[in-house]
Amino acid sequence: MGSSPLDHSNFISPRCRLYLRRRHLQQMETNARGLPEEHEMEDAPMMRSDRGLHDESIQSPSLKLDPATQETEQHTHYKMLPKKSKSRRHALIKCLVLIPPLAVSLAILSLNFSNVFWGQPSSNTNNILSALQFTAQLHASLIVASISAMVLSVVQYGLASKRGVPLGFISASFNVDSFFYMFRKEFTTLNLKYVILFPCVLALALLSGPSSAIAMIPRLQFWSVNKVWADKGNLDFKVYIQTSQDGLYPETLTAQNSPPQCGGANASILQECPSFGIRQWVMDDDISSGSLTLSINKTVNGDWVRYLVGQSTGVFAGTSSSYSSSSLSTFLGNTLIAYDNYLRGFQSRYIGNNDGPGTMQRKAADDYSNLRVRYDLSFRTAGKEIPTRKPVVEAQCSGAPANSSTFVLPHDVMLLAPSTNDQTAPTKWSVSASKYSDLLADLNSTIVNSSWIDPEQFGSFKPSLGAIFATPEIIHGQGSINDDRSPFSFFVCTFDARWMTTKTYLDMATNSKYVYDSFPDPADAIYGEETSYHPIKDISATHAFIDESWANLLDVPWIDSLSNPTATNRSTIDMIGQKCLDKHSFLNATFGTTYKPLDDGSLYRVTPDIMTMYECLQTSLSVYLTDSLARTQDSIPAYVVIEGQVHPTDSGYPSKVFLSQSLYGDPQELLVERRAFTTNLTKADFEDTSRFTEIHMKVSRYGYGYGFQDSILIYVSAVVLLLHATICFAYLAWVLSVGVYPGEQVVTVGELLVMGIQSGKLSGAGDNVTLKDANKNPKTTWTGRFGLRYAGSRGDGLSIDEDKGARSVILKKLDDWDEKEDILR
């Protein structure tokens with residue numbers, strides 16, 4: 001009488017027994033929820049058709065249930081759901097999975113947009129970088145998880161909608177980072193909308209890992225410094241050179257481009273004069289070696305290491321070739337070094353603040369920190385940037401016999417454009433031998449005489465300069481059929497000088513001073529235009545013509561000894577020719593050639609290779625002219641201008657600062673002067689472009705940092721992270737607008753999977769989906785739309801409990817969906 005329904009198992013059919021067991025489990029669940037028990041026997045199997053039952057025979061063979069748990073498992077697909085919640089707070093709590101990756105993305109993006117300098121390398125740097133790499137990988141996993149959660153909620157939302165979703169798209173949330181999912185039939189058979197959108201989601205998930213690492217891990221490089229003043233307020237340190245734009249790199253150099261003392265007898269030992277480097281080049285045996293393959297890289301001593309680079313152009317016509325060399329202008333390096341020294345020596349007390357650290361460089365010097373700074377130099381006038389240039393000189397020499405009436409300046413193998421263009425190539429620059437009759441007096445001696453050839457006599461198409469050397473008769477036997485094999489007594493040289501664009505910067509590393517040149521190879525000027533062997537480069541070179549007055553500053557008296565500097569009657573150019581003669585020829589009374597036998601018993605100058613004489617003159621003169629041009633601007637005054645607003649602790653100093661001083665001066669002099677100006681120059685003077693040109697110093701420091709400088713990949717990573725953040729915000733806005741978490745009726749993916757497995761025949765026998773059907777007709781299978789529906793709608797025959805607010809849910813095929821169908825939303 002008081003037994004449970006299970007006690008009558010021997011008197012009822014198996015189907016009734018199954019129904020009673022199911023109802024008993026539902027009763028237990030209802031009691032656990034505190035709801036009143038209620039049975040509806042009219043839904044018993046003996047009172048209705050078999051269509052609503054889920055027989056064991058239609059379960060998936062791979063999910064055959066254990067008899068002990070079969071009854072419980074069969075019940076799980078009748079999930080008793082609560083009434084729908086419209087709480088936005090509840091919906092937002094469901095979206096918390098998006099917050100951690102979104103917050104990290106915004107944090108690291110803010111670091112990069114703010115150009116934060118992280119620090120210099122230290123002993124603990126590797127440990128920190130390893131931790132950041134681990135964090136970046138974790139962040140990438142969170143991004144993928146958030147994308148998967150958003151796609152899953154979209155799938156769940158679609159399942160609860162009227163239209164449902166295609167069967168092939170239900171598994172999309174599990175494959176947001178799977179590249180191979182796009183090649184499966186369940187995806188390739190979907191509509192164009194899914195085929196276009198999902199690859200974008202896949203790309204976002206796959207790129208999240210590298211994007212997070214690029215944006216989160218600081219990069220080791222030079223980072224721009226916008227403010228070198230480390231104290232309160234702001235001070236700008238600008239540099240000006242007292243010359244106009246045209247005066248920086250004059251097209252024609254005259255004696256006025258050098259100090260007056262550079263024309264004196266002792267000019268070759270004065271550092272500010274263009275002839276100062278002659279002693280080094282005359283005494284350098286490598287330069288005068290005359291090797292056809294000679295490539296030099298010489299250092300010029302001074303406050304910084306300057307390199308002079310030269311090489312043969314590699315083009316020959318008979319016995320003729322050419323040689324080119326280049327070097328940085330010395331004032332560029334001098335300015336860079338002086339600017340760094342000034343910033344390191346400038347103290348806050350010089351402007352009335354006794355407690356401030358001063359400049360960034362000064363602060364590092366006080367703290368003994370290893371500050372590595374780089375200065376990139378450029379010129380500006382009227383807000384326009386002027387390219388930085390350096391000299392490059394190409395030289396070609398050839399010989400002529402003693403009976404020559406005219407001398408032709410060779411340029412047939414010179415490569416600097418436009419020396420080889422259609423208008424210049426056929427041009428012959430010739431001079432009469434009578435103009436240089438004073439050189440003929442010593443042809444029978446061992447002395448070499450020389451003279452410059454003024455290029456102005458050749459009109460608009462002219463070389464930069466020419467030179468002629470008269471030597472004792474030199475016997476040789478080389479040359480082609482068309483070459484003159486007569487003994488040579490004259491050597492004529494042609495020079496093409498240019499101002500070649502370059503980029504100059506100073507790298508202060510561990511107290512070492514290195515001034516770098518972006519285009520050290522003189523051939524860069526030759527191949528500034530694209531050829532079949534050399535790619536095009538962003539290089540231009542303007543002419544530098546040498547007036548006879550400036551050329552005479554290079555041909556000053558030679559001084560034998562620095563300890564007893566006495567001028568001799570030999571000039572510096574004579575000494576170059578003399579060294580080449582002595583090194584590449586010798587006196588002989590018996591040795592001759594086929595074209596000039598020696599049978600009179602007299603001594604003659606003989607050379608085994610006349611090309612070595614050419615190469616010696618070309619190399620030595622090219623190097624000397626390059627070095628002289630590099631010293632041209634050394635005597636031009638340069639000033640540092642300090643301007644800004646500060647907060648002095650000493651009331652005797654103004655808060656508004658404008659100071660100017662020689663760049664090469666001592667900043668401590670400012671403390672003594674206590675004046676607004678330490679020179680007679682005003683701000684208006686420095687802004688006068690006809691008198692001054694600004695030398696802009698771009699300061700950067702070496703270390704780890706965040707930013708978009710010098711990196712393309714950081715832009716890619718920022719776009720990926722911003723796109724993910726935008727999608728997250730849009731998703732959150734959507735959740736707030738609908739007031740419910742999309743798909744909240746399905747709590748877990750596992751429950752959705754069980755519903756799909758145990759929903760039986762769904763709505764009819766024709767709705768069965770098997771693997772065999774999918775292989776035969778995948779498009780029909782995977783594009784079929786499915787949705788979640790309350791049981792009992794449209795005659796499903798499953799129980800409905802409207803009063804208790806709980807209804808059973810099944811996964812149903814929706815090929816013929818109806819707007820009146822009892823959907824979840």
Side-chain angles (χ1 to χ4, degrees), residues 95-152 173-182 198-226 360 364 369-374 507 509-510 700-729 731-732:
C95 298
L96 288 180
V97 67
L98 308 179
I99 302 303
L102 182 60
V104 175
S105 296
L106 295 179
I108 59 180
L109 284 174
S110 64
L111 290 176
N112 284 279
F113 280 109
S114 301
N115 296 318
V116 175
F117 183 78
W118 184 63
Q120 300 182 38
S122 64
S123 58
N124 199 35
T125 298
N126 288 336
N127 294 331
I128 298 176
L129 292 178
S130 298
L132 288 175
Q133 187 173 7
F134 178 82
T135 306
Q137 185 60 42
L138 179 61
H139 177 229
S141 300
L142 291 175
I143 291 178
V144 174
S146 66
I147 296 174
S148 179
M150 288 186 285
V151 174
L152 176 60
S173 62
F174 302 100
N175 297 280
V176 293
D177 59 347
S178 175
F179 179 75
F180 299 100
Y181 172 70
M182 294 192 304
F198 187 79
C200 300
V201 176
L202 175 66
L204 182 62
L206 293 179
L207 293 176
S208 62
S211 298
S212 176
I214 292 172
M216 183 177 297
I217 300 176
R219 304 194 308 276
L220 182 63
Q221 64 179 52
F222 281 98
W223 297 94
S224 297
V225 177
N226 297 325
M360 176 183 68
S369 60
N370 185 20
L371 176 65
R372 183 175 175 182
V373 185
R374 167 172 167 164
D507 183 2
T510 62
S700 54
R701 63 184 304 182
Y702 187 75
Y704 290 94
Y706 296 94
F708 294 87
Q709 178 181 324
D710 303 329
S711 176
I712 298 177
L713 292 178
I714 186 63
Y715 286 95
V716 177
S717 64
V719 170
V720 172
L721 296 181
L722 285 174
L723 181 60
H724 171 258
T726 303
I727 294 175
C728 288
F729 282 120
Y731 179 80
L732 291 173

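All heavy atoms count here, side chains included; hydrogens, waters and symmetry mates do not. Please read these numbers as outputs of a predicted model, since none were measured by experiment.
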| field | Minimum heavy-atom distance between His724 and Ser105, given as atom pair plus value | value | ND1-OG, 4.4 Å
| said: Taking ring pair (Phe, Tyr, Trp, His ring centres under 6.0 Å) as the criterion, tell me which of Phe117, Trp223, Phe222, Trp118 meets it with Tyr702. | reply: Phe222
| Main-chain N/O of Gly707 paired with Arg219 side-chain donor or acceptor, under 3.5 Å | yes
| field | Euclidean distance, Ile99 CD1 relative to Leu732 CG, rounded to 0.5 Å | value | 5.5 Å
| Is it true that a side-chain atom of Ser148 and a backbone atom of Ala145 form a donor plus acceptor pair closer than 3.5 Å? | no
| query | Of all heavy-atom pairs between Gln709 and Gln221, which one has the smallest distance, and what is that distance? | reply | O-NE2, 3.2 Å
| said: Would you say CG of Asn226 has more than 12 non-hydrogen atoms from neighbouring residues, nucleotides or ligands within 6.0 angstrom? | reply: no
| message | Is it the case that the side chain of Tyr706 and the backbone of Ala215 share a donor-acceptor pair, with hydrogens and angles ignored and the cut-off at 3.5 Å? | response | no
| note | Between the CG atom in Leu722 and the CD1 atom in Ile727, the distance rounded to the nearest 0.5 Å is 11.0 Å
| task | Locate the shortest heavy-atom distance separating Tyr704 from Pro218; write the atom from each residue and the value. | result | CD2-O, 3.6 Å
| field | Value rounded to 0.5 Å, distance of CG in Leu102 from CG in Leu96 | value | 12.0 Å
| task | Can you see which heavy atom on Pro121 is nearest to which on Gly703, and at what distance? | result | CD-CA, 4.3 Å
| Pair Phe708 and Phe113, ring centroids less than 6.0 Å apart | yes
| message | Ignoring hydrogens, what is the shortest heavy-atom contact between Ile108 and Ser212? Give both atom names and the distance. | response | CD1-O, 4.4 Å
| task | Taking all heavy atoms of Leu142 and all of Pro100, pick out the closest pair and write down the distance. | result | CD1-CB, 4.1 Å
| query | Residues two or more places apart in sequence or in another chain: which of them pass side-chain hydrogen bond (donor to acceptor under 3.5 Å, both in side chains) with Ser211? | reply | none
| Rounded to the nearest 0.5 Å, what separation is found between the CD1 atom of Ile128 and the CD atom of Gln133? | 14.0 Å
| query | With distance as the sole criterion, is a donor-acceptor pair present between the side chains of Ser208 and His139 under 3.5 Å? | reply | no
